Amino acid sequence: MQTNIVANYREVEKRVCAAAERAGRDPKEIMLIAVSKTKPLSDIETLAAAGVMEFGENKPQELKEKYDTVSKPVHFHQIGHLQTNKIKYVIERAVMIHSVDSLHLAEAIEKEAEKRGVTADILIEVNEAGEETKFGVSREETIQLVRDISRLPHLRIHGLMTIAPFVDDPEENREVFRAMKQLSLDIKSEKIDNVDMSVLSMGMTNDFEVAIEEGATMVRVGTAIFGARDYEITV
Ligand SMILES: *Cc1c(COP(=O)(O)O)cnc(C)c1O
């Protein structure tokens, strides 16, 4: 089936605005990231030609290849799990690494960033729902991890990210999103040096409107824009 991805994107954009307005928020506070994983470069080019700037990838090598070949200066976000041996593909290419969930990974990014004389912008991935996904730090361990990572001079924490469970009714995830917002406020109130909590990356095709109502500042939407993916992705 031929999908009109530009029309889909505009439709999602409208829903983002409507959700923001329902919550009394300025839609400009919310960044829509088009999750282009598994999709061809031509899809990215089509959206980029329509002015779309923000794309999400979950495989570091795929991000690298797309970054290196795309014709416009679009931004790529590393949203999937990152192994230390793959850092080299995304550093200096990803505008934001959303999936930092251990000190070990943060230290490896620090090393690579220092070597290159750059600062890496990151989010801490929290496993708020405490289930299913293997990745993400637990809610209880998040503040300590933020403190530890804040001491690494070539990393800058901008906020939190979570992948909510896959549910039939997005309302089931409202509590997860609300708890994430609260956690981000709790960390913000600690006023930790070198840490800002301005970003809350949460919400996907099935639940981005609820996520926005609960405070998301970045939503990561794939299927609603690009159509179904050809194969199951393990995040
Ligand atoms: C694939 C993916 C998304 C997008 O999922 P959709 O349900 O297709 O919108 C968002 N975030 C992460 C981390 C993903 O891996």
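On a predicted model such as this, the values are computed, not experimentally measured, just so you know. Counting starts at 1 for both ligands and their atoms, following the listed order.
- Residue Ile163 touches ligand 1 through its side chain alone, judged by heavy-atom distances below 4.0 Å.
- At a 4.0 Å heavy-atom cut-off, ligand 1 touches Lys37 through the side chain alone.
- Listed by number with element, the atoms of ligand 1 under 4.0 Å from a non-hydrogen atom of Thr223 are 6 (P), 7 (O), 8 (O), 9 (O).
- The distance from the OG atom of Ser102 to the CD atom of Glu141 is 11.0 Å, given to the nearest 0.5 Å.
- Atom numbering of ligand 1 starts at 1 in the shown order; those under 4.0 Å from a heavy atom of Val221 are 9 (O).
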- Task: For Lys37 and Glu62, run salt bridge (charged side-chain N to carboxylate O under 4.0 Å, His left out): C-alpha distance rounded to whole Å, both residues' side-chain angles, the deciding distance at 0.1 Å, then the answer.
- Result: CA-CA 8 Å; Lys37 65 187 186 193; Glu62 192 173 334; over 6 Å; no
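- Formation of a donor-acceptor pair under 3.5 Å by the Glu125 side chain with backbone atoms of Val137 is not found in this model.
- Between Arg116 and Glu112 a salt bridge is recorded (basic side-chain N to carboxylate O distance below 4.0 Å).
- By the 4.0 Å heavy-atom criterion, Arg229 is counted among the residues contacting ligand 1.
- Using a 4.0 Å cut-off between charged side-chain N and carboxylate O, Arg178 and Glu175 make a salt bridge.
- A side chain to side chain contact (heavy atoms under 4.5 Å, CB included) with Leu200 is found for one member of Lys181, Glu214, His158, Met161 and no other, namely Lys181.
- Polar contact check, Gly222 against ligand 1: a nitrogen or oxygen pair lies under 3.5 Å apart.
- Taking every heavy atom of Arg220 and a limit of under 4.0 angstrom, the matching atoms of ligand 1 come to 4 (C), 9 (O), 10 (C), 11 (N), 12 (C), 13 (C).
- Between Ile79, Thr162, Thr205, it is Thr205 that holds the heavy atom closest to atom 7 (O) of ligand 1.
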